[in-house]
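Below you'll find the structure, written out as structure tokens, and then a few comments.
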Amino acid sequence: MKRYFYLGAGYLSLALGGIGIVLPLLPTVPFMILAAFCFARSSPRLEAWLVEHKHFGPHITAWREKGAISRRGKTAALAAFAASVILSFAFAPMPAPLISLMAAVVGGSWIWSRPES
């Protein structure tokens with residue numbers, strides 16, 4: 001039963017990561033890392049495919065070995081945080097923008113503190 005849960009979660013993460021390729025504010029690599037984690041517990045073949053993938057493999061390997069995020073990934077994440085905060089201040093009533101700002105500061109600080117690959 002556990003194996004099917006991880007397999008389903010892996011496919012869901014893979015699908016969300018795929019959607020993130022075309023939607024600018026939805027991240028791709030974190031979902032691929034999660035998919036690799038799930039596939040490691042359910043399908044070694046799919047895990048190997050992701051880890052050996054030309055685009056996602058290096059990110060997954062860097063995260064697994066050092067908890068590292070590339071400088072480009074950090075910059076993209078922080079730009080997405082900034083865009084969401086700006087949109088929040090422009091269109092949401094108070095105190096929603098302040099909540100968005102706090103989430104961006106906490107999340108952005110954590111992302112920026114990770115080692116770089």
Side-chain angles (χ1 to χ4, degrees):
M1 187 68 174
K2 226 190 231 189
R3 180 178 181 270
Y4 292 114
F5 169 77
Y6 280 116
L7 190 62
Y11 277 120
L12 178 62
S13 297
L14 194 61
L16 289 171
I19 293 168
I21 292 171
V22 295
L23 289 179
L25 293 180
L26 187 66
T28 300
V29 173
F31 285 115
M32 297 304 175
I33 291 171
L34 181 58
F37 172 85
C38 292
F39 289 147
R41 285 143 185 81
S42 61
S43 173
R45 182 181 61 82
L46 288 171
E47 179 203 15
W49 174 75
L50 267 179
V51 171
E52 294 168 8
H53 192 274
K54 178 176 145 183
H55 297 292
F56 305 121
H59 297 289
I60 294 167
T61 302
W63 180 257
R64 284 181 171 178
E65 291 176 358
K66 300 177 267 181
I69 302 171
S70 68
R71 170 74 54 124
R72 184 174 174 208
K74 288 179 179 184
T75 304
L78 295 179
F81 276 138
S84 67
V85 168
I86 290 167
L87 289 172
S88 180
F89 271 99
F91 297 110
M94 284 296 184
L98 298 177
I99 295 167
S100 174
L101 178 63
M102 288 304 300
V105 167
V106 170
S109 298
W110 182 83
I111 288 171
W112 200 255
S113 71
R114 301 296 92 208
E116 289 185 14
S117 57

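Counting from 1, the numbers follow the sequence of the chain as shown.
The nearest pair of heavy atoms linking Met32 to Ile60 is O-CD1, 3.9 Å. Contact record, Ser100 with Ser84: OG-O, 4.0 Å, taken as the closest heavy-atom pair. Annotation for Leu78 and Gly108: closest pair CD2-CA, 3.5 Å, computed over non-hydrogen atoms. For Ala92 against Pro97, the heavy-atom pair with the smallest separation is O-CG, 3.6 Å. Across all their heavy atoms, Ile21 and Thr28 have their closest contact at N-OG1, 3.3 Å.
The side-chain contact (heavy atoms from CB on, under 4.5 Å) test with Phe89 is passed by exactly one of Val85, Ile86, Leu87: Val85.
Note on Leu50 and Leu46: same hydrophobic cluster, where clusters join Ile, Leu, Val, Met, Phe, Trp and Tyr whose side-chain heavy atoms are under 4.5 Å apart, directly or indirectly. Tracing side-chain contacts under 4.5 Å through hydrophobic residues (I, L, V, M, F, W, Y), one never reaches Tyr6 starting from Val51; they form parts of separate clusters. Taking hydrophobic clusters as Ile, Leu, Val, Met, Phe, Trp and Tyr residues chained together by side-chain heavy-atom distances below 4.5 Å, Val105 does not share a cluster with Trp110. Hydrophobic clustering of Ile, Leu, Val, Met, Phe, Trp and Tyr side chains at less than 4.5 Å, counting indirect connections, keeps Leu101 apart from Val106.
How far CG of Leu12 is from CG of Leu7: 11.5 Å, rounded to the nearest 0.5 Å. Atoms CG and OG, on Leu98 and Ser88 in that order, are 8.0 Å from each other to the nearest 0.5 Å. A distance of 9.0 Å separates CG in Leu16 from CG in Leu34, rounded to the nearest 0.5 Å. If you take OG on Ser13 and CZ on Phe37, they are separated by 10.5 Å, rounding to the nearest 0.5 Å. To the nearest 0.5 Å, the span separating CZ on Phe81 from OG on Ser109 amounts to 9.5 Å.
Contacts classified as side chain to side chain donor-acceptor pair (under 3.5 Å) and involving residues 38-58 (residues at least two apart or in different chains) are given here: Glu47-Arg64. Within the structure, side chain to side chain donor-acceptor pair (under 3.5 Å) contacts touching residues 65-77 (residues at least two apart or in different chains) are Arg71-Glu116.
Crowding of Phe5 atom CZ: a count of heavy atoms from other residues, nucleotides or ligands under 6.0 Å not exceeding 12.
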Please determine whether side-chain contact (heavy atoms from CB on, under 4.5 Å) holds for the pair Phe31 and Ile19, giving the CA-CA distance in whole Å, both sets of side-chain angles, and the decisive distance to 0.1 Å.
CA-CA 10 Å; Phe31 285 115; Ile19 293 168; over 6 Å; no
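Trp112 meets the ring-ring contact (aromatic ring centres under 6.0 Å, His included) test with no other residue; sequence neighbours excluded.
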